[in-house]
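Got a structure for you, written out below as structure tokens; questions coming shortly.
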Amino acid sequence: QVQLAESGGGSVQAGGSLSLSCVSSGSTFRTYRMGWFRQVPGKEREGVAAINTNSRDTSYADSVKGRFTISQDNAKNTLYLQMSSLKPEDTAMYYCGAASTAYAEVYAGRWYEDRSYNVWGQGTQVTVSS
């Protein structure tokens, strides 16, 4: 079974930068899409960015466009999220998700819908102070 592990979260002042990583381990499956989501207590998980594994096409939430960059290194089985010009409203638990090709064929949802992913990491906390 595939496991995802996020790292790189922490506390930073507004305007600062952080880089998150998500490493895949365990048995492998063909990945269709990987994405980053975030969640604050009392709110639903929100799609931040996603990347199509094959085409490398990327998608971003309007709130992070121009500030966040998603990328992947297949040789290292790692997904990244480079975050810059951070704002206090970016404070959240950040999760990475993966959608296998087989799952995506059945649940062809939109990139920002968490039901479109079938494997999730445990999350890493990002706190931005003003």
Side-chain angles (χ1 to χ4, degrees):
Q1 185 172 350
V2 173
Q3 294 179 329
L4 303 177
E6 304 93 336
S7 62
S11 297
V12 64
Q13 288 191 329
S17 300
L18 281 174
S19 182
L20 305 184
S21 299
C22 172
V23 178
S24 303
S25 63
S27 61
T28 60
F29 59 65
R30 290 185 62 190
T31 306
Y32 170 73
R33 178 195 288 141
M34 295 195 73
W36 287 98
F37 282 67
R38 64 188 182 188
Q39 188 172 27
V40 297
K43 292 190 176 182
E44 293 186 353
R45 195 153 46 183
E46 170 194 25
V48 175
I51 184 167
N52 182 292
T53 303
N54 293 323
S55 68
R56 300 297 180 104
D57 288 341
T58 57
S59 301
Y60 295 93
D62 288 343
S63 59
V64 306
K65 280 181 181 176
R67 301 189 298 121
F68 291 11
T69 302
I70 188 172
S71 62
Q72 64 182 42
D73 184 334
N74 290 338
K76 296 182 179 180
N77 294 324
T78 303
L79 178 74
Y80 301 99
L81 185 68
Q82 179 64 43
M83 306 184 294
S84 59
S85 301
L86 284 162
K87 305 175 181 179
E89 51 264 43
D90 294 319
T91 295
M93 184 70 78
Y94 283 71
Y95 299 89
C96 71
S100 66
T101 300
Y103 183 87
E105 289 176 350
V106 178
Y107 300 98
R110 301 180 188 275
W111 73 265
Y112 50 82
E113 297 175 323
D114 59 7
R115 70 180 183 91
S116 299
Y117 303 80
N118 56 319
V119 181
W120 293 93
Q122 294 299 307
T124 186
Q125 178 68 38
V126 171
T127 303
V128 184
S129 58
S130 57

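Quick caveat: nothing in here was measured; it's all calculated off a predicted structure. Throughout, numbering of the chain's residues begins at 1 and tracks the sequence.
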Residue pair Thr78 / Val23: nearest heavy atoms and the distance that separates them: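 In this case the closest contact between Thr78 and Val23 is OG1-CG2, 3.8 Å.
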ring-ring contact (aromatic ring centres under 6.0 Å, His included) involving Tyr32 - partner list, sequence neighbours excluded: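 None.
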Cluster link Tyr94 to Val12, ILVMFWY, side chain under 4.5 Å: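 In one cluster with Tyr94: Val12, yes.
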Heavy-atom closest contact (Ile70 atom, Met34 atom, distance):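 Closest heavy-atom pair between Ile70 and Met34: CD1-O, 4.1 Å.
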Pairs involving residues 34-91, ordered by first then second residue, that meet ring pair (Phe, Tyr, Trp, His ring centres under 6.0 Å) (sequence neighbours left out):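 Residue pairs passing ring pair (Phe, Tyr, Trp, His ring centres under 6.0 Å), neighbours aside: Phe37-Tyr117, Phe37-Trp120.
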Leu20 and Val126, any side-chain heavy atoms less than 4.5 Å apart: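 Result yes, sub-4.5 Å side-chain heavy-atom pair found.
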Side-chain heavy atoms of Arg33 within contact of Trp111, under 4.5 Å: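 Yes, close enough: below the 4.5 Å cut-off.
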Rounded distance [0.5 Å steps], OG1 in Thr31 versus CD1 in Ile51: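 Taking OG1 in Thr31 and CD1 in Ile51, the distance rounds to 11.5 Å.
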Distance-minimising heavy-atom pair for Cys96 and Leu79: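 Answer, listing the atom of Cys96 first, then Leu79: CB-CD2, 4.1 Å.
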Identified side-chain contact (heavy atoms from CB on, under 4.5 Å) counterpart of Tyr95 within the set Arg45, Gln122, Arg38: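 The residue from Arg45, Gln122, Arg38 that satisfies side-chain contact (heavy atoms from CB on, under 4.5 Å) with Tyr95 turns out to be Arg45.
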Sidechain-backbone polar pair: Ser84 side chain, Arg67 backbone, donor-acceptor under 3.5 Å: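 Yes, the answer is positive, given that a donor and an acceptor are paired below the 3.5 Å cut-off.
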Gln72 side chain reached by Thr53 side chain, heavy atoms, under 4.5 Å: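 In short, these two side chains touch, coming nearer than 4.5 Å.
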Note, Glu89 side chain near Ser63 side chain (heavy atom, < 4.5 Å):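 SC-SC contact between Glu89 and Ser63 ruled out.
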Atom pair OG/CE of Ser19 and Met83 - distance to nearest 0.5 Å: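 Atom-to-atom, Ser19:OG and Met83:CE are 7.5 Å apart.
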For Pro88 against Ser129, the heavy-atom pair lying closest together: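 Heavy atoms only, the tightest pair is CG-C, 4.5 Å.
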Asp90 with Lys87: basic N within carboxylate O range, under 4.0 Å: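 Result for this pair is no, no salt bridge flagged.
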Shortest non-hydrogen contact from Ser116 toward Arg110: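 Taking every non-hydrogen atom into account, OG-O, 2.8 Å.
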Smallest separation among heavy atoms of Gln125 and Ala92, with atom names: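 Residues Gln125 and Ala92, closest heavy atoms: NE2-O, 3.4 Å.
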Side-chain heavy-atom pair Glu6, Leu81 within 4.5 angstrom cut-off: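 SC-SC contact between Glu6 and Leu81 ruled out.
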Donor-acceptor contact present, side-chain Ser59 to main-chain Ala50, <3.5 Å: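 Judged by distance alone, no pair lies under 3.5 Å.
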